[in-house]
Amino acid sequence: MPQGQPSVVPEDGLTTRQRRNRPLVVVHTGIGKGKSTAAFGLALRAWNQGWPIGVFQFVKSAKWKVGEENALRVLGASGQGGLVDWHKMGEGWSWVQRDAQMDNEAKAREGWEQVKRDLAAETYRLYVLDEFAYPMHWGWVDTDEVVEVLRGRPGTQHVVITGRNAPERLVEFADLVTDMSKVKHPMDVGQKGQRGIEW
């Protein structure tokens, strides 16, 4: 197993083991493809460790069939790793019409309230809050509240948040932030998304 060597050893009074095992807030943001894909890759690792996983999709349509959902549900039900619960919060995607937006705002807020309840109850070891950066960016969910809830979460609960335009306050607070930048994409030359790649 590769052992990374930190460049700095903080004077925080923690042992190496305590510091290594502290729960993380991870943010995958930026305009490039792969933010959710990377989060679901972490979910696979968590499943392998036997951790209970909660996936909360905030903006993608509840009718949209996401390939990772089927795979993680099958794995979660296999009895070989951790359990997986999948929650769909939104009924539209980021180009949703304005008149339908109020319904999406309400669903995003309901979803965040559920996440807060699960964090308080320590329901999961890993939370994937897919596309949750959007409700914060749009002002549907208060970023300061999110940061304070995550700061005060009990136990060893890891939280991964994906989506473009992650608020700066969240980025500053998070332990690990990756900004996915786009170099090239097939859509740039008119190719639509395809099975097995986009979903």
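Computed over heavy atoms, backbone and side chain alike; hydrogens, waters and symmetry mates excluded.
The salt bridge (Lys or Arg N to Asp or Glu O under 4.0 Å) contacts involving residues 132-148 comprise Lys116-Glu145, Asp144-Arg169, Glu148-Arg151, Glu148-Arg169, where partners must be two or more places apart or lie in separate chains. Residue pairs meeting the side chain to side chain donor-acceptor pair (under 3.5 Å) criterion with at least one partner in residues 22-34, sequence neighbours excluded, are Arg22-Asp175. Sorted by first and then second residue, the pairs that involve residues 5-16 and meet salt bridge (Lys or Arg N to Asp or Glu O under 4.0 Å), not counting sequence neighbours, are Asp12-Arg19. Listed by first and then second residue, the salt bridge (Lys or Arg N to Asp or Glu O under 4.0 Å) pairs that reach into residues 71-84 are Glu69-Arg73, sequence neighbours excluded. For the side chain to side chain donor-acceptor pair (under 3.5 Å) condition, the pairs that include at least one residue of residues 78-87, sequence neighbours left out, are Gln57-Trp86, Asp85-Tyr124, His87-Tyr124.
For Thr123, the side-chain hydrogen bond (donor to acceptor under 3.5 Å, both in side chains) partners two or more places apart in sequence, or in a different chain, are Asp118. Residues forming a side-chain hydrogen bond (donor to acceptor under 3.5 Å, both in side chains) with Asn21 (at least two apart in sequence, or on another chain): none. Remark: Ala43 engages Ile53, Leu72, Leu126, Val128 in a side-chain contact (heavy atoms from CB on, under 4.5 Å) (not counting sequence neighbours). Arg164 pairs by the side-chain contact (heavy atoms from CB on, under 4.5 Å) definition with Ile31, Lys35, Tyr134, not counting sequence neighbours. Arg125 is linked by a side-chain hydrogen bond (donor to acceptor under 3.5 Å, both in side chains) to Thr156, counting only residues two or more places apart in sequence or in another chain. Applying the side-chain contact (heavy atoms from CB on, under 4.5 Å) rule to Gln49 yields the partners Trp51; only residues at least two apart in sequence or on another chain are considered. Applying the side-chain contact (heavy atoms from CB on, under 4.5 Å) rule to Thr37 yields the partners Glu68; only residues at least two apart in sequence or on another chain are considered.
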| task | For Val146 and Phe173, run side chain to side chain contact (heavy atoms under 4.5 Å, CB included): C-alpha distance rounded to whole Å, both residues' side-chain angles, the deciding distance at 0.1 Å, then the answer. | result | CA-CA 10 Å; Val146 170; Phe173 168 72; over 6 Å; no
| query | Given Val115 and Val149, is the side chain to side chain contact (heavy atoms under 4.5 Å, CB included) satisfied, shown in steps? | reply | CA-CA 10 Å; Val115 170; Val149 168; over 6 Å; no
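In the hydrophobic clustering of this structure, Met180 does not group with Leu170; members are Ile, Leu, Val, Met, Phe, Trp, Tyr whose side-chain heavy atoms approach within less than 4.5 Å, directly or through other members.
Annotation: the span from Met187 atom CE to Lys182 atom NZ amounts to 10.0 Å, rounded to 0.5 Å. The line from CG of Asp130 to CZ of Phe56 is 12.0 Å long, rounded to the nearest 0.5 Å.
A pairwise comparison of heavy atoms in Pro135 and Phe58 identifies CG-CB, 4.2 Å as the closest pair. What you find for Ala133 and Ala166 is that their closest heavy atoms are CB-CA, 3.9 Å. Of all heavy-atom pairs spanning Thr162 and Ala39, the tightest one is CG2-CB, 3.7 Å. Across all non-hydrogen atoms, the minimal contact from Arg153 to Leu119 is CD-CD2, 4.1 Å. Heavy atoms only, all atoms of each residue included: Val84 and Gly76 are closest at CG2-CA, 3.8 Å. Nearest heavy-atom pair, Trp47 versus Leu75, reported as atom, atom and distance to 0.1 Å: NE1-O, 2.9 Å.
In Arg117, the CZ atom is crowded: over 12 heavy atoms of neighbouring residues, nucleotides or ligands sit closer than 6.0 Å.
Separation of the Trp112 and Phe132 ring centroids falls under the 6.0 Å cut-off.
One finds a salt bridge joining Arg109 and Glu105 here, because a Lys/Arg side-chain nitrogen approaches an Asp/Glu carboxylate oxygen to under 4.0 Å.
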